[in-house]
> 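This is the structure I have questions about; it appears just below.
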Amino acid sequence: MGPGHPPGLVMPDEASTETVFDELDRPPWAGPVRASRHVQEITYTAEQYLDLLMTYSGHRALAPDALHGLLGCVRGLIDDRYAGRVTKRYLHELLTVRKAL
């Protein structure tokens, strides 16, 4: 996970993740909202994964010493426990709406 997440936190399976529609500002002409989901798995080398982590604002906001320590630990984990590669699972959700007739 990352800084601020409790140890042992496990992300829920996508089948048990609910789609939230109440955040949408739906105009009066909008019909029902439809959701489609697409799962994608991307395998990263240790270096690629560290590059990805540097795109997250929570990591970028860390003090330099903390960031260096975090990245070093993550690199060590990937190299030592996962043979230099780690796979991250993404859930992409597409919400569409058609104009009500």
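Because the structure is a prediction, the values reported are computed rather than measured.
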> Assigning hydrophobic clusters by single linkage (Ile, Leu, Val, Met, Phe, Trp, Tyr; side-chain heavy-atom cutoff under 4.5 Å), is Tyr56 placed with Leu70?
yes
> Hey, what do you get for CE (Met54) to CG (Leu71), rounding to the nearest 0.5 Å?
6.5 Å
> Could you state whether Val33 and Trp29 fall into the same hydrophobic cluster, counting links through intermediate Ile, Leu, Val, Met, Phe, Trp or Tyr residues with side-chain heavy atoms under 4.5 angstrom apart?
no
> Working to the nearest 0.5 Å, report the span between CG of Leu91 and NE2 of His38.
9.5 Å
> If you take all heavy atoms of Arg37 and Glu18, which pair is closest and at what distance?
NH2-C, 3.6 Å
> Is the CG atom of Asp80 crowded by more than 12 outside heavy atoms at less than 6.0 Å?
yes
> Work out which heavy atom in Gln48 is nearest to a heavy atom in Thr43; give both atom names and the distance.
OE1-O, 4.1 Å
> Any side-chain heavy-atom pair from Glu93 and Thr17 closer than 4.5 angstrom?
no
> Got a second to check how far Arg60's CZ is from Leu67's CG, nearest 0.5 Å?
9.5 Å
> Could you state whether Tyr82 and Leu53 fall into the same hydrophobic cluster, counting links through intermediate Ile, Leu, Val, Met, Phe, Trp or Tyr residues with side-chain heavy atoms under 4.5 angstrom apart?
no
> Shortest non-hydrogen contact from Leu95 to Ala35?
CD2-CB, 3.5 Å
> Locate the shortest heavy-atom distance separating Ala46 from Asp79; write the atom from each residue and the value.
CB-OD1, 3.5 Å
> I need the Leu52 CG to Lys88 NZ distance, nearest 0.5 Å.
6.0 Å
> Transitively linked via ILVMFWY side-chain contacts under 4.5 Å: Val86 with Tyr90?
yes
> Which pair of non-hydrogen atoms, one from Glu41 and one from Thr87, has the smallest distance, and what is that distance?
CB-CG2, 3.8 Å
> Once you round to the nearest 0.5 Å, how far does OG of Ser57 lie from CG of Leu62?
10.0 Å
